[in-house]
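Side-chain atoms are counted along with the backbone in the values below, which use heavy atoms only and exclude waters and symmetry mates. None of these values were measured; they are calculated from a predicted model.
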Amino acid sequence: MLWTIFVILLVLWLLGWVGFHALGAYIHIVLVLALIVLAIQLFSGRRPVV
């Protein structure tokens, strides 16, 4: 699920970077948040079910 959110945010960021320069700063903030969530997911990994 986080990968889906990451891809959607990445696509939105690319659209904003290409087309909407006025909203670019907000989209960059969203991209940074998506990268932070992705990093947390990668470092925490999946926990085994007990």
Side-chain angles (χ1 to χ4, degrees):
M1 174 143 174
L2 287 176
W3 284 105
T4 305
I5 294 171
F6 174 73
V7 169
I8 290 171
L9 290 175
L10 184 65
V11 169
L12 288 174
W13 172 72
L14 288 172
L15 288 173
W17 188 59
V18 171
F20 304 103
H21 291 289
L23 297 174
Y26 297 112
I27 295 173
H28 281 87
I29 292 171
V30 171
L31 175 67
V32 170
L33 290 175
L35 290 174
I36 291 170
V37 169
L38 179 65
I40 289 171
Q41 182 192 16
L42 289 175
F43 288 123
S44 66
R46 291 187 179 232
R47 298 203 168 95
V49 177
V50 177

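Applying the side-chain contact (heavy atoms from CB on, under 4.5 Å) test between Leu9 and each of Val7, Ile5, Val11 identifies Ile5 as the sole match.
Counting Ile, Leu, Val, Met, Phe, Trp and Tyr side chains that sit under 4.5 Å apart, directly or through other members, Ile36 shares a hydrophobic cluster with Val32, Ile40.
Evaluation of the side-chain contact (heavy atoms from CB on, under 4.5 Å) rule for Leu42 yields Trp3, Leu38 as partners, not counting sequence neighbours.
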I'd like to know whether Val37 forms a side chain to side chain contact (heavy atoms under 4.5 Å, CB included) with Leu33, so could you lay out the CA-CA distance, the side-chain angles of the two residues, the decisive distance to 0.1 Å, and finally the verdict.
CA-CA 6 Å; Val37 169; Leu33 290 175; 5.6 Å; no
May I have the step-by-step check of side chain to side chain contact (heavy atoms under 4.5 Å, CB included) for Leu31 and Leu10, ending in yes or no?
CA-CA 6 Å; Leu31 175 67; Leu10 184 65; 3.9 Å; yes
